[in-house]
Amino acid sequence: MTEAGYSEPTPIQEGAIPHALTRRDVCGIAQTGTGKTASFVLPMLTLLERGRARARMPRTLILEPTRELAAQVAENFDKYGKNHKLNVALLIGGVSFDEQDRKIERGADVLIATPGRLLDHTERGKLLMTGVEILVIDEADRMLDMGFIPDIERIAKIIPFTRQTLFFSATMPPEIQKLADRFLQNPVRVEVAPPSSTAATVEQKLVASKGKDYEKRETLRSIINQQDDLKNAIIFCNRKKSVADLLRSLQRHEYACGALHGDMDQHSRTTILQNFRDGKLPLLVASDVAARGLDIPDVSHVFNYDVPIHAEDYVHRIGRTGRAGRKGKAFTIATSKDTKFVDAIEKLIDRKIEWLDGTPSSLGAEDSSEKPEPRARRSGKKQQAPSAATDKDEPKAAPQQDNRAPRPKNTANGSSSKPANDDRRRSRRRDRDDEPTPVGFGDDIPAFMLIGAKN
DNA sequence: AAAAAAC
């Protein structure tokens, strides 16, 4: 706890907790990584000490935009609420109703939910919201982005007017303010960080790349290999398909990596995230599902494989590193097509991001210097099955593989996506026969991290 | 140019 920075209150905690305890509504403007979660979990623990939950009538409700965030808040209750004998129910999609139903039936002190699943439960008539005393709306700006506001309105409507509401958002644009005005009564406003700031401890760089997929992948591998202090990293892509493609490519190059995006089944999402947190998986390829709020302590690097289309997402992505005053590095691969998005980011964060090699104008123009490998290499692979999109970048990557820096030695995915190219791989062994045999984690992965189960 | 969330 001390290590996590909770030995003394953070500004948002200092500002919000006393008011929450006096049952005032709170409008908190705080980014993740500011101790925001504890600023509602801790007072809730105190307020819940009196009284007990009745069957099917939860006493408090916390709404989160993504399943991972909801699970994370549930973990916080387990951590801080050890001695409070609370019933915590996590209601998220992608997993079965049964256990959730049982927890509701037993009487939940705390309900932590994503909007869709919560409404699903209420519509089945097994969940009564009339006993809710505290409503927490977390990540409101993101709820808005994701189109959840109508759901939130429906939910708020079935919760008694006499409730206390704690409302949190990283930013407070006019639409969010209007929303806050609707949900809150005479709130205390607590604001702790300017919305578009990036941590000063994060070293940010742009990396010029040519625009083809395989060229970007090669650029990415090259920056990864250049890092001598890489402990773990999140690699962000704009699309789920890119996440999947990049994962396959990196795995073929024997990087230990896993993927996280919203089309994956919940079991894989949970397992991969847990392995990444535990340090078993050093590289996480992810969509923006991982950009906000996920509490992964001490991510040393963030790589933006794609420049985010929305500038705010850049701030959220690189906010995964440099947390709690630690050092972090963020590299953004940019092609000539990304110029306007880069401009928008620099405008938002109000500073220029340096180019890695000081070559802003060389976008796509520096081919000769970096590529000693002639195209002739390609001829050797013509009878291969014309499948995996990753084929093309194999030969070019080979020369760099020999003296890679602290490269992860294992491959782990925890899901079904194994490179189905064993024979092809063997035939290319000569390209990297100095590589150690990859060791998979496979079954080594701890059992499905049951959300809310503590160890 | 996208992602996320209910079945």
Side-chain angles (χ1 to χ4, degrees), chain A residues 32 61-73 89-101 104 111-127 137-155 169-170 209 211-213 216 234-247 259-266 268-270 272-273 284-294 304-317 319-320 332-345 451:
Chain A
T32 47
L61 171 63
I62 300 169
L63 292 171
E64 295 287 337
T66 68
R67 299 169 184 174
E68 276 76 15
L69 282 172
Q72 191 171 290
V73 172
L90 179 61
L91 307 188
I92 58 174
V95 293
S96 89
F97 278 92
D98 296 350
E99 198 191 333
Q100 297 177 359
D101 273 336
I104 294 168
L111 220 55
I112 304 160
T114 45
R117 182 55 73 98
L118 182 86
L119 284 169
D120 214 339
H121 276 284
T122 58
E123 277 156 17
R124 291 152 144 246
K126 292 211 165 179
L127 182 56
I137 299 169
D138 197 15
E139 302 269 330
D141 50 352
R142 194 165 183 209
M143 299 266 201
L144 179 76
D145 287 350
M146 291 169 65
F148 280 159
I149 298 308
D151 285 351
I152 305 290
E153 307 242 20
R154 280 171 65 200
I155 293 165
S169 188
S209 174
K212 295 252 171 48
D213 284 348
K216 288 178 74 173
I234 306 181
I235 303 162
F236 283 104
C237 302
N238 286 356
R239 295 180 209 67
K240 289 177 281 197
K241 173 143 192 345
S242 314
V243 171
D245 291 348
L246 183 58
L247 176 78
L260 190 68
H261 65 70
D263 277 356
M264 291 165 53
D265 68 82
Q266 193 55 36
S268 304
R269 283 168 68 163
T270 309
I272 295 284
L273 186 57
L284 182 68
V285 187
S287 70
D288 280 315
V289 70
R292 303 192 197 194
L294 284 192
N304 287 317
Y305 176 77
D306 295 312
V307 180
I309 294 164
H310 294 302
E312 320 85 70
D313 287 332
Y314 176 84
V315 178
H316 291 294
R317 287 180 182 187
R320 300 304 93 208
T332 299
I333 297 176
T335 71
S336 53
K337 288 177 182 164
D338 296 320
T339 314
K340 65 178 173 186
F341 300 117
V342 171
D343 290 348
I345 289 165
I451 296 154

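Per chain, numbering begins at 1; letters A, B, ... match sequence-line order.
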Can you list the residues that meet the salt bridge (Lys or Arg N to Asp or Glu O under 4.0 Å) rule with Asp263(A), with sequence neighbours excluded? Lys240(A)
Tell me what Asp120(A) touches on the nucleic acid: a base, only sugar-phosphate, or nothing, going by heavy atoms under 4.0 Å. base
Within this structure, what is the CG-to-P distance between Leu260(A) and dA3(B), rounded to whole angstrom? 13 Å
Rounded off to whole Å, could you give me the CG-to-P distance for the Leu69(A) and dA4(B) pair? 13 Å
Considering only heavy side-chain atoms of Lys340(A), the closest of dA5(B), dA4(B), dA1(B) is dA1(B)
Over all strands shown, is Gly94(A) touching base, sugar-phosphate only, or nothing at heavy-atom distances under 4.0 angstrom? sugar-phosphate
I want to check one thing: is the phosphate of dA6(B), taken as OP1 and OP2, less than 4.0 Å away from some side-chain N or O of Arg124(A)? no
Quickly work out the Ile149(A) CD1 to dA5(B) P distance and round it to whole Å. 16 Å
Look only at the side chain of Glu64(A) and the backbone of Glu139(A), and say whether a donor-acceptor pair between them is shorter than 3.5 Å. no
Side chain of His261(A): nearest nucleotide among dA5(B), dA2(B), dA4(B)? dA4(B)
Of dA6(B), dA4(B), dA1(B), the nucleotide closest to the side chain of Val289(A) is dA4(B)
With sequence neighbours left out, write down each residue that passes salt bridge (Lys or Arg N to Asp or Glu O under 4.0 Å) with Asp101(A), or none if nothing qualifies. Arg124(A)
Check this one for me: any side-chain N or O of Arg269(A) less than 4.0 Å away from OP1 or OP2 of dA5(B)? yes
Residue Ser287(A), side-chain atoms from C-beta onward, closest of dA3(B), dA1(B), dA5(B): dA3(B)
Atom-pair distance (CG on Asp141(A); C1' on dA3(B)), nearest Å: 15 Å
Do the side-chain N and O atoms of Thr335(A) and Asp338(A) include a donor-acceptor pair separated by under 3.5 angstrom? yes
Among dA6(B), dA4(B), dA1(B), find the nucleotide with the atom closest to the side chain of Thr66(A). dA4(B)
In whole Å, what is the span from the CG atom of Asp145(A) to the P atom of dA2(B)? 16 Å
Partner of Asp288(A) under salt bridge (charged side-chain N to carboxylate O under 4.0 Å, His left out), chosen from Arg320(A), Arg317(A), Arg142(A): Arg317(A)
Under 4.0 Å between a side-chain N/O of Thr114(A) and OP1 or OP2 of dA6(B), yes or no? yes
Output the rounded distance in Å from CZ (Arg154(A)) to C1' (dA5(B)). 13 Å
Integer-rounded Å distance: dA2(B) C1' and Met146(A) CE: 12 Å
Over how many whole Å does the gap from Leu119(A) atom CG to dA4(B) atom P extend? 20 Å
